[in-house]
2 protein chains.
Amino acid sequence: MSTISQLDQVKKCSGEFILAINDTMNVLNGKWKLPIIGSLLYGKKRFKELEREIPKITPRMLSKELKDLEVNGIVTRTVYNTSPVTVEYELTESGNTLNTVLDAMIAWGLQHRKMVIGKKEKVAEAVSV
Amino acid sequence: MSTISQLDQVKKCSGEFILAINDTMNVLNGKWKLPIIGSLLYGKKRFKELEREIPKITPRMLSKELKDLEVNGIVTRTVYNTSPVTVEYELTESGNTLNTVLDAMIAWGLQHRKMVIGKKEKVAEAVSV
DNA sequence: GCTTAAGCTATACTAAAGTATAGTGATATA
DNA sequence: TATATCACTATACTTTAGTATAGCTTAAGC
């Protein structure tokens, strides 16, 4: 039985569950969080590396989103006192475990695509008969 | 091994994976999709029932989001020719399987909260020593 | 001494998302 | 006859998200 479908039995927990979902959504929110997290899943990166790897992102957005992710405990920011400074961004443990969510999304997304295409084919068949 | 971490071995699939994640995100996008889906997980509902169950939603947004969900194959809309018309909204199979994603989000969200609180406690300890 | 690079920030703007408020047509109820 | 309900739609507005462009400091390379 899924966590969600247990809600009927455990109504008093639903607030906590909704909070947890909102937390997750907030972390992934916006146009650039997923590309950034996706890029960092392959290992720590410097600011300019991320800027180069993520097409069309502006430094303003990269900076803003990285700050957001840092505040939310998803990435760490490490400054080395070279000059000019070197700054490295890395996923925290929480950040790394986000792949469980991404995996669920991949699985659902792929399955959904198949279903939608299947439906369209059925409609096409029905029409062509 | 997770789907994501297989990306290194199966680079050519990454485009498909990213598409799947985007599909999922688009389905859940915005302020009202999750409350609506959450409400429909308990069974089919009429327009006014949803409006009453989801605090602060306006009919404009409810209508807009339901249309969106319908176009994306997440809900079905059934009109009965009573008068005035009765309209029922119900999750499709794809819509129902979304709970796998929500469960992953709940699990991650709860775990993340624990971790963040844990970190704060460690910092507090370190400071108080 | 000029250009390039890193790692950003500032200002001004546009576009997208969401809100507020009112109103529609058919019908049932008081 | 007046009011209420259902399932919305229309118009105008505000708020938030994202873009465009320029600039900062320190230092290395030519």
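So that the names make sense, note that chain A is the first sequence line, chain B the second, and so on, each numbered from 1.
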Under 3.5 Å: donor-acceptor pair, side chain of Lys67(A), backbone of Ser63(A): no
Whether Ser94(B) side chain and Gly73(B) backbone form a donor-acceptor pair below 3.5 Å: no
Polar side-chain contact Arg60(A)-dT19(D) base: donor and acceptor under 3.5 Å: yes
With a 4.0 Å limit, can you tell me whether [X] has a side-chain N or O closer than that to the phosphate oxygens OP1/OP2 of [N]?
X        : N       : result
Arg52(B) : dA7(D)  : no
Lys67(A) : dC8(C)  : no
Lys64(B) : dT19(C) : no
Ser63(B) : dC8(D)  : no

[N] [atom2] sits how many Å from [X] [atom1], rounded?
X        : N       : atom1 : atom2 : result
Arg77(B) : dC6(D)  : CZ    : P     : 16 Å
Trp32(A) : dA16(C) : CH2   : P     : 14 Å
Leu34(A) : dA17(D) : CG    : P     : 16 Å
Leu66(B) : dG18(C) : CG    : P     : 14 Å
Tyr80(B) : dA7(D)  : OH    : P     : 12 Å
Lys31(B) : dT16(D) : NZ    : P     : 9 Å
Asp68(B) : dC8(D)  : CG    : P     : 15 Å
Ile54(A) : dC8(C)  : CD1   : C1'   : 15 Å

Close side-chain approach of Phe47(B) and Leu66(B), heavy atoms under 4.5 Å: yes
Any donor-acceptor N or O pair under 3.5 Å, side chains Glu88(B), Thr78(B): no
Interface residues of residues 83-91 of chain A with DNA chain D (non-hydrogen, below 4.0 angstrom): Ser83(A), Pro84(A)
hydrophobic_cluster_shared for Leu110(B) and Met105(B), side chain cutoff 4.5 Å: yes
Enclosure of Glu93(A) CD (heavy-atom neighbours >12, cutoff 6.0 Å): no
Ion pair Glu49(A)/Arg46(A), N-O distance below 4.0 Å: no
Nearest-nucleotide pick for Glu65(B), side chain only, options being dT19(D), dC8(D), dG18(C): dG18(C)
Arg46(B), nearest nucleotide to its side chain (from dC8(D), dA7(D), dG18(C)): dA7(D)
